[in-house]
**Q** 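Let me begin by handing over the structure; questions about it come next.
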Protein chains: 2
Amino acid sequence: MTFVKPDDIIQLIQERGYRLTTARKKVIGILANHSEFLGAYDIHHLLEQENTRIGVASIYRVLDLLKSLGLLKSEEFGVGGEKYRLDNEHSHHHHSHQLICSQCGHTEELLGECPISHIADKLERDSGYQIEEHWLRFFGVCPLCREQ
Amino acid sequence: MTFVKPDDIIQLIQERGYRLTTARKKVIGILANHSEFLGAYDIHHLLEQENTRIGVASIYRVLDLLKSLGLLKSEEFGVGGEKYRLDNEHSHHHHSHQLICSQCGHTEELLGECPISHIADKLERDSGYQIEEHWLRFFGVCPLCREQ
DNA sequence: ATAAGTGCAAATCGTTTGCACACTT
DNA sequence: AAGTGTGCAAACGATTTGCACTTAT
């Protein structure tokens, strides 16, 4: 369940000179125990269930801190705002490659060698952007949907 | 510059029994002249520059209509809300390549040779999917945001 | 002790909605 | 004439910010 150990994060926070507060410990605790993506209010509700009351504003601030430490992966899932998950893969350039059926929505992760990294390197030099991540998504009709 | 002819859209709108109003004509006009993705407020500002005042609410309503007619492609680029672009290419392997600043949300279309088409071809053979489209998106920090 | 961090409420941003009025058909 | 579509302002949900207060160092 736990991807990243709360203690490691807490240590990093202290090493960097940030204070170790209840809000930070609690939010990290929740994130460490959930492998799914959670929204700020999800975290807020989960904390309420533990009888801990941390203001949403502070939750956002903890999330920002973790993001700035590179410990958090966030995504937008269409509706309901941004969602967050701990992510210890410090490997700087994240990527996600998918093959998605445009009819039934079935999604496959494409594994194996990343065919984009050299393009990213060139782009980084050419554009002046510091590239952190890329997505490559193919949309098409899967064999099953093609039959019909 | 123009991907989809405004007249075709206008015709479709009338065929479907929707009324042909100034707001609809103007918004379609803007979209037809811009190949980039535009947000509702981008459209609003562009219209102001033409001395046309259409309420944002109406712009959203026109966008919803076009979306329901399948003429609009919309995407979320992390910051600044949803962005829209006309899109009539109902068939052939369509692609979109972008470089997006993860801080300010600035988006650039990457033009030139498609570096993915051969990957798509191979994937089509290997997977049995009939690939119609792909996106390649690079996220990073743009030179301006890096300065700060 | 002192600065960093918090809670709260107000502010903001993108988007939606209710309603009276305007315009296409 | 009838009813669709509009503008406006208020409502909304997610996120941010200002400020006085608390707490970790």
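Only this structure's heavy atoms are used, side chains among them; waters, hydrogens and symmetry mates stay out. So you know, we letter chains A, B, ... as the sequences are listed, proteins then strands, and number each from 1.
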**Q** Going 5' to 3' along DNA chain D, which are the first and last nucleotides with any atom under 4.0 Å from a heavy atom of chain A?
**A** D:dA14 to D:dT25
**Q** Give me the residues of residues 42-50 of chain B where at least one heavy atom lies under 4.0 Å from an atom of DNA chain D, by number, or none.
**A** none
**Q** Would a line drawn from the ring center of B:Trp135 to the ring center of A:Phe139 be shorter than 6.0 Å?
**A** yes
**Q** Less than 4.5 Å apart, any side-chain heavy atom of B:Glu132 and any of A:Val141?
**A** yes
**Q** Quick one: does B:Asp64's side chain have a donor or acceptor within less than 3.5 Å of a partner on B:Arg61's backbone?
**A** no
**Q** For the atom pair CD (B:Gln130) and CD (B:Glu124), what is the distance rounded to the nearest 0.5 Å?
**A** 6.5 Å
**Q** What distance do B:Ile59 atom CD1 and B:Tyr41 atom OH have between them, rounded to the nearest 0.5 Å?
**A** 8.5 Å
**Q** Kindly indicate whether the side chain of B:His97, heavy atoms from C-beta on, has any atom under 4.5 Å from the side chain of B:Glu109.
**A** no
**Q** At 4.0 Å (heavy atoms only), tell me whether A:Arg24 reaches a base, stays on the sugar-phosphate, or touches nothing.
**A** sugar-phosphate
**Q** Contact class for B:Ala57 vs. all strands (heavy atom < 4.0 Å): base, sugar-phosphate, or nothing?
**A** base
**Q** Around atom NZ of B:Lys83, are there more than 12 heavy atoms of other residues, nucleotides or ligands at under 6.0 Å?
**A** yes
**Q** Rounded to the Å, how far apart are A:Tyr60 OH and C:dG7 C1'?
**A** 15 Å
**Q** For the side-chain contact (heavy atoms from CB on, under 4.5 Å) test, which of A:Leu12, A:Ile28, A:Leu31, A:Asp8 pairs with A:Leu71?
**A** A:Leu12
**Q** Is a donor on one side and an acceptor on the other found under 3.5 Å between the side chain of A:Arg24 and the backbone of A:Arg19?
**A** yes
**Q** Distance check needed: C:dG5 C1' versus A:Leu63 CG, whole Å only.
**A** 15 Å
**Q** Rounded to the nearest 0.5 Å, how far apart are CG of B:Leu86 and NZ of B:Lys5?
**A** 12.5 Å
**Q** Both B:Tyr84 and A:Ile59 contact DNA chain C. Which one's nearest nucleotide lies toward the 5' end?
**A** A:Ile59
**Q** Set out, line by line, the N/O atom pairs under 3.5 Å between protein and nucleotides 20-25 of chain C.
**A**
residue : atom : partner : partner atom : Å
C:dT24  : O2   : B:Arg19 : NH1          : 2.9
C:dT25  : OP1  : B:Gln14 : NE2          : 3.4
C:dT25  : OP1  : B:Leu20 : N            : 3.1

**Q** Using distance alone, with no hydrogens and no angle criterion, decide if B:Thr107 and B:Glu36 have a side-chain donor and acceptor under 3.5 Å apart.
**A** no
**Q** At under 4.0 Å between heavy atoms, what does B:Arg61 touch on the DNA or RNA strands: base, sugar-phosphate, or nothing?
**A** base
